[in-house]
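Beneath this line is the structure, given in structure tokens, with notes to follow.
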Amino acid sequence: MSAPILTVARLAKRFGGVQAVDDISFLVQPGELLGIIGPNGSGKTTLVNLISGFIRPDSGTVRYRDREITGCMPYKISQLGLARTFQMVRPFYHLPAFKNMIIPLASPRVKQLSGGKYGDRDAVAKDLLEEVGFERDSAVINKPAGALPHGYLKRLELAKCLALRPDLIILDELFSGLSLAEVAGILPIIEKLKTEGKTILMIEHRLRELFRIADRVIVLNFGQKIADGRPEQVMQGDEVRKAYLGTEGEG
Amino acid sequence: MYIRKERIDRGVKARTEDLFALASGWDLLYLLAPRLLPILVLLLLTVTVGPYWQKVLISTAVFALLAISWDFLVAAGMVSLGQALFFGMGAYLTGILNHYFHWPIWLTIPVSTVLGGALCTFILLPVLRLRGIYFSMITLVLPLMLVRIIEATKIFGGTEGISGLASYPGRWLELYLGLAAAWAALFAFRRLLNADYGLILKGISDNDRSVMSAGINIYWYKAQALFLAGSVGAFAGAFMTHSYMFVGMPVFALDYSILPIAAAVVGGMGTMAGPLLGAFILVPLSEVLRGLGGLRIVIYALSLTVFIVALPEGLFHYIQRKYQQFERKVKVDYE
């Protein structure tokens with residue numbers, strides 16, 4: 001097996017009296033699609049924030065390829081090729097949808113990857129938006145992001161993340177709040193990213209859809225990792241059933 | 001059945017950001033008139049009014065510069081309550097350079113502009129991470145603190161200030177330098193905000209975490225915006241100092257922080273042109289009311305209130321809408 005692209009070792013974070021993330025360790029191999037699931041409040045988003053640099057851990061380390069990124073500023077981490085989306089969509093509300101794309105396209109990473117030149121950013125922005133399911137040259141891409149429906153905002157969030165041409169993509173509940181049809185529209189995009197060799201880390205509540213594409217799943221509960229393995233394996237475990245499915249009834 | 005207002009864009013596609021498709025001379029006029037007319041009117045004013053009102057125009061240009069600088073910072077997500085910091089920094093720098101080092105005026109102003117901007121950015125670097133009200137509070141306190149330092153340590157003339165500074169070679173140069181600077185700042189900042197660089201600044205104001213996530217060092221961009229806005233403010237201070245031939249503690253006064261904000265609110269935030277317009281209303285208004293003695297502030301405050309209540313969007317946005325769109329009443333049926 002090749003060297004892991006992401007190494008999380010004994011990561012911990014406490015907020016006041018709550019141990020949000022409690023001694024979590026795992027590896028992600030290049031090209032892998034890893035799902036992270038767990039009941040609400042189990043520490044999934046905190047884990048993403050710790051990896052992407054938005055929160056500093058109390059202890060533990062995060063390594064991206066052979067580089068330690070624990071406590072690095074978020075923009076430094078994004079520049080290395082680890083990009084994320086936000087669960088609560090974070091568009092630039094006042095800017096038109098396709099102008100939203102200019103901001104990641106203006107980052108130093110994109111300049112570096114395209115050989116010192118930015119090229120035609122507007123065209124690239126439109127290409128990317130088309131890739132995630134915006135109708136090209138429609139009125140939608142010129143609308144202020146604040147006026148877009150939720151489904152489009154989620155797609156925009158994904159497109160902004162892809163604009164950085166990342167190697168490791170962290171999708172924080174990309175499917176939340178989307179209809180079955182909308183999810184069915186985005187799934188092939190993720191599968192395509194996977195065939196392109198991207199490594200993907202997906203935080204999800206929509207287990208049925210996640211299990212269709214995930215290679216491996218990690219289950220969190222009260223900030224601890226309680227299971228790690230192939231999707232169908234993981235769901236057999238008693239602890240997982242009790243913690244997650246027993247109370248939620250979804251599956 | 002209801003009556004509703006419907007707004008329709010005028011024919012000329014003038015609202016695209018930088019692409020102008022002109023069909024006729026009228027289109028050209030339509031685009032140029034709002035840009036050139038104010039300049040022409042102003043030039044006419046400068047040659048028709050007497051020396052007193054020329055001084056008022058200079059003071060107006062100074063507040064316009066501070067208001068434009070404030071508006072630019074807001075566009076980048078930083079609400080400054082301390083334009084006096086930039087203003088006072090530029091004023092004292094030029095005073096010191098001229099009085100202690102005997103630098104000529106054509107050197108003190110540019111150096112104070114750049115150095116003032118850099119010093120203000122440096123001072124504010126530690127609070128660049130703060131957002132919203134926290135950043136504002138620090139900017140409010142800093143000029144008030146600096147003035148106390150000058151008072152307590154008696155440096156740079158202490159409470160007396162420094163007088164006898166170099167003046168401009170002629171009052172026309174002074175007048176046109178001030179006005180030209182205000183217009184240069186206006187056009188430069190508007191242009192910058194419409195470029196991709198401006199998009200990043202607006203993105204930071206909208207959602208700074210998202211910009212960081214896009215691999216962009218927002219603190220570097222914020223520092224740059226601060227430097228640009230600070231330099232414009234410092235220029236205003238340096239310019240005013242040589243106009244008064246004096247620099248003293250009043251340059252850090254709250255007036256220079258609050259009046260630019262009032263101008264921006266009256267004129268319309270987010271456009272740079274609005275704050276300039278606001279300054280050209282408020283400063284002369286304040287002069288006209290000078291004859292009223294004690295009632296001056298009351299009337300001034302009242303008219304400010306009327307402006308804000310009647311036109312909360314700001315005068316410039318209102319004029320712009322009227323200029324770019326038709327309005328008509330339409331009947332709407334709800335079933």
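Here the structure is a predicted model, which is why all the values come from computation and not from measurement.
- Heavy atoms from other residues, nucleotides or ligands lying under 6.0 Å from CZ of B:Arg131 number 12 at most.
- Between the A:Ser78 side chain and the B:Ser213 main chain, a donor and an acceptor come within less than 3.5 Å of each other.
- Atom CZ of residue B:Arg209 and atom CZ of residue A:Arg84 lie 6.5 Å apart, to the nearest 0.5 angstrom.
- No side-chain heavy atom of A:Met73 sits under 4.5 Å from any side-chain heavy atom of B:Asn217.
- The OG atom of B:Ser205 sits 13.0 Å away from the OH atom of A:Tyr93 when rounded to the nearest 0.5 Å.
- For B:Phe72, the ring pair (Phe, Tyr, Trp, His ring centres under 6.0 Å) test picks out B:Phe189, with sequence neighbours left out.
- For B:Arg321, the CZ atom counts as densely surrounded, since its 6.0 Å shell holds more than 12 non-hydrogen atoms of other residues, nucleotides or ligands.
- Within the structure, ring-ring contact (aromatic ring centres under 6.0 Å, His included) pairs that include any residue of residues 199-224 of chain B comprise B:Tyr197-B:Tyr221 (at least two apart or interchain).
- What you find for B:Leu199 and A:Ile103 is that their closest heavy atoms are O-CD1, 3.4 Å.
- In this structure, A:Lys194 places its NZ atom where more than 12 heavy-atom neighbours from other residues, nucleotides or ligands lie under 6.0 Å away.
- When all heavy atoms of A:Ser107 and B:Gly215 are compared, the pair lying nearest together is CB-O, 3.9 Å.
- No side-chain heavy atom of B:Ile216 sits under 4.5 Å from any side-chain heavy atom of A:Tyr75.
- Other residues, nucleotides and ligands place more than 12 heavy atoms under 6.0 Å from the CD atom of A:Glu191.
- A:Asn142 does not touch chain B: none of its heavy atoms, backbone or side chain, sits under 4.5 Å away.
- Judged by distance alone, with hydrogens and angles left aside, the side-chain atoms of B:Asp206 form a donor-acceptor pair with the main-chain N or O of A:His94 at under 3.5 Å.
- Enclosure of atom CZ in A:Phe15 by more than 12 non-hydrogen atoms of other residues, nucleotides or ligands within 6.0 angstrom is indicated.
- Using a 4.5 Å cut-off between heavy atoms, A:Phe86 contacts chain B through its side chain alone, with no backbone atom that close.
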